[in-house]
Protein chains: 2
Amino acid sequence: MMDHTDVPNTADLPHPACEDLILTQVLFALSDPARLDIVRQLDSGPLEMAQCCLSDPTMPKSTKSHLMKVLREAGVIRNVAKGRGRLLSLRRDDLDARFPGLLASILKVAPEA
Amino acid sequence: MMDHTDVPNTADLPHPACEDLILTQVLFALSDPARLDIVRQLDSGPLEMAQCCLSDPTMPKSTKSHLMKVLREAGVIRNVAKGRGRLLSLRRDDLDARFPGLLASILKVAPEA
DNA sequence: TATTTTGTTCGAACTTTTTCGAACCAATCC
DNA sequence: GGATTGGTTCGAAAAAGTTCGAACAAAATA
């Protein structure tokens, strides 16, 4: 039973505003190979979380969720509910607005091996 | 007394070659505010270590040395003996060669506060 | 040569991150 | 409604990074 005091069911996770993005936090988020890999995947376009990180299917979901959290809280990706899963996308516009050229210079570097 | 088996006195610290620079390591080195500050200072040109980090004169020298070590091992700065001290410089050419545009995009971001 | 200046290295304490199972939650499907 | 799918959160343990004093080293200088 839901009464009027109940908050609407928001499975919405907090995302920092564009102007609140902090360079060192973004750099830190991108400084982990697994996280950088995720960003490279999202470079091609939004991806459902279940379709992400298929390279390592043994990764526990809590670990995966944590990687996404670091990227989201730094403002690198957006993570919104979609159906019964989650849609991930790169916050390219916000990153470009706040740190022009940064994302492009990183994404054009060839992955190690 | 020094015989022929003695290694020459190299106060030379190891620096990774340009082609061995690893993006995630560089990003990590730059993801710390104190380290990023150092890089910003070196943007104006080489600096003697004693003249660096004057903003916080209370910083223990071992701490300062550690910051430099992380930057050096990532390939961000060069640290060579000079007189009785050390000369620090940005490895701009190597960084530009390996990660075109990266350093410029980072250095043009205004420091927080 | 002794002293001072400048900085590296080591080791230990401390802090931050990462990892991952367990519990939980929402949406879908039967 | 019950089971399934997909994902977040919590808590604890492990791993990684930071801090800083003490010990050491090399160059300059007296």
Side-chain angles (χ1 to χ4, degrees), chain A residues 1-2 6-15 22 24-38 46-54 56-74 76-89, chain B residues 1-2 6-15 22 24-38 46-54 56-74 76-89:
Chain A
M1 174 55 172
M2 179 192 291
D6 286 334
V7 284
N9 175 10
T10 107
D12 291 351
L13 300 168
H15 292 73
I22 295 174
T24 50
Q25 287 183 7
V26 170
L27 295 177
F28 180 80
L30 297 174
S31 74
D32 176 71
R35 288 192 297 255
L36 184 54
D37 257 0
I38 292 167
L47 217 52
E48 291 178 36
M49 187 157 167
Q51 312 312 315
C52 203
C53 295
L54 294 181
D56 181 4
T58 74
M59 186 189 303
K61 52 186 182 175
S62 55
T63 299
K64 192 168 164 180
S65 192
H66 178 68
L67 293 176
M68 301 306 176
K69 180 179 184 175
V70 174
L71 287 167
R72 173 178 51 80
E73 290 181 335
V76 175
I77 68 172
R78 202 171 288 116
N79 178 346
V80 299
K82 183 199 177 188
R84 91 186 120 187
R86 295 252 150 206
L87 187 67
L88 305 175
S89 56
Chain B
M1 176 53 170
M2 180 192 286
D6 285 335
V7 284
N9 175 9
T10 113
D12 292 350
L13 300 168
H15 292 73
I22 295 175
T24 50
Q25 286 183 8
V26 170
L27 294 177
F28 180 81
L30 297 174
S31 73
D32 177 71
R35 288 191 299 254
L36 184 53
D37 257 0
I38 292 168
L47 216 54
E48 290 176 38
M49 187 158 166
Q51 312 311 316
C52 203
C53 296
L54 294 181
D56 180 6
T58 74
M59 186 189 305
K61 53 185 180 174
S62 54
T63 299
K64 192 168 164 180
S65 192
H66 178 67
L67 292 176
M68 301 307 176
K69 179 179 183 175
V70 175
L71 288 168
R72 173 178 51 81
E73 290 181 336
V76 175
I77 68 173
R78 200 170 292 119
N79 179 346
V80 300
K82 183 199 177 189
R84 89 187 121 188
R86 295 254 150 204
L87 186 67
L88 305 176
S89 56

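A note on names: the letters A, B, ... follow the listed sequences, proteins ahead of strands, and every chain is numbered from 1.
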Inset, instruction - Could you check how far CE of M68(A) sits from P of dT8(D), rounded to whole Å? - result: 8 Å
Inset, instruction - Look up atom CD1 in I22(B) and atom CG in L27(B), then write down how far apart they are to the nearest 0.5 Å. - result: 11.5 Å
Legend entry - Out of dT8(D), dT18(D), dG21(D), whichever nucleotide has its closest atom nearest the side chain of V70(B): dT18(D)
Inset, instruction - Kindly indicate, with the supporting measurements, whether the criterion side chain to side chain contact (heavy atoms under 4.5 Å, CB included) is fulfilled by V76(B) and R35(B). - result: CA-CA 10 Å; V76(B) 175; R35(B) 288 191 299 254; over 6 Å; no
Legend entry - Non-hydrogen side-chain atoms of I38(A) and L47(A) separated by less than 4.5 Å: no
Inset, instruction - Ignoring the backbone of P60(B), work out which of dT18(D), dC20(D), dT18(C) is nearest its side chain. - result: dC20(D)
Legend entry - Between C1' of dT9(C) and NZ of K69(B), the distance in whole Å: 7 Å
Legend entry - Nearest to side-chain heavy atoms of S62(A), which nucleotide of dG21(C), dG21(D), dT8(D): dG21(C)
Legend entry - Check: dG7(D) base within 3.5 Å donor-acceptor of S65(A) side chain: no
Legend entry - Nearest heavy-atom neighbours spanning C53(A) and K64(A): CB-CE, 4.0 Å
Inset, instruction - Report yes if at least one side-chain N or O of T63(B) is closer than 4.0 Å to OP1 or OP2 of dC20(D); otherwise report no. - result: yes
Legend entry - Any residue of residues 76-85 of chain A with a heavy atom less than 4.0 Å from an atom of DNA chain D: N79(A), R84(A), G85(A)
Inset, instruction - Please assess H15(A) against N79(A) for the test side chain to side chain contact (heavy atoms under 4.5 Å, CB included), listing each intermediate value before the final yes or no. - result: CA-CA 8 Å; H15(A) 292 73; N79(A) 178 346; 4.1 Å; yes
Inset, instruction - Keeping the roles fixed (side chain from S31(A), backbone from F28(A)), state whether a donor-acceptor pair exists under 3.5 Å. - result: yes
Inset, instruction - Using a cut-off of strictly less than 4.0 Å, decide whether R86(A) has a side-chain nitrogen or oxygen near OP1 or OP2 of dA27(C). - result: no
Legend entry - Distance in angstrom units between K61(B) NZ and dT18(D) C1', rounded: 19 Å
Inset, instruction - Would you mind reading off the distance between E73(A) atom CD and dT9(D) atom C1', rounded to a whole angstrom? - result: 12 Å
Inset, instruction - Could you check how far CG of L67(A) sits from P of dC20(C), rounded to whole Å? - result: 10 Å
Inset, instruction - Mind calculating the distance between CE (M59(B)) and P (dT6(C)) to the nearest angstrom? - result: 17 Å
Legend entry - E73(A) vs P14(A) side-chain heavy atoms within contact, under 4.5 Å: no
Inset, instruction - Could you state the atom-to-atom distance from CD of E48(B) to P of dA26(D) in whole Å? - result: 20 Å
Legend entry - Distance in angstrom units between H66(B) NE2 and dG11(C) P, rounded: 15 Å
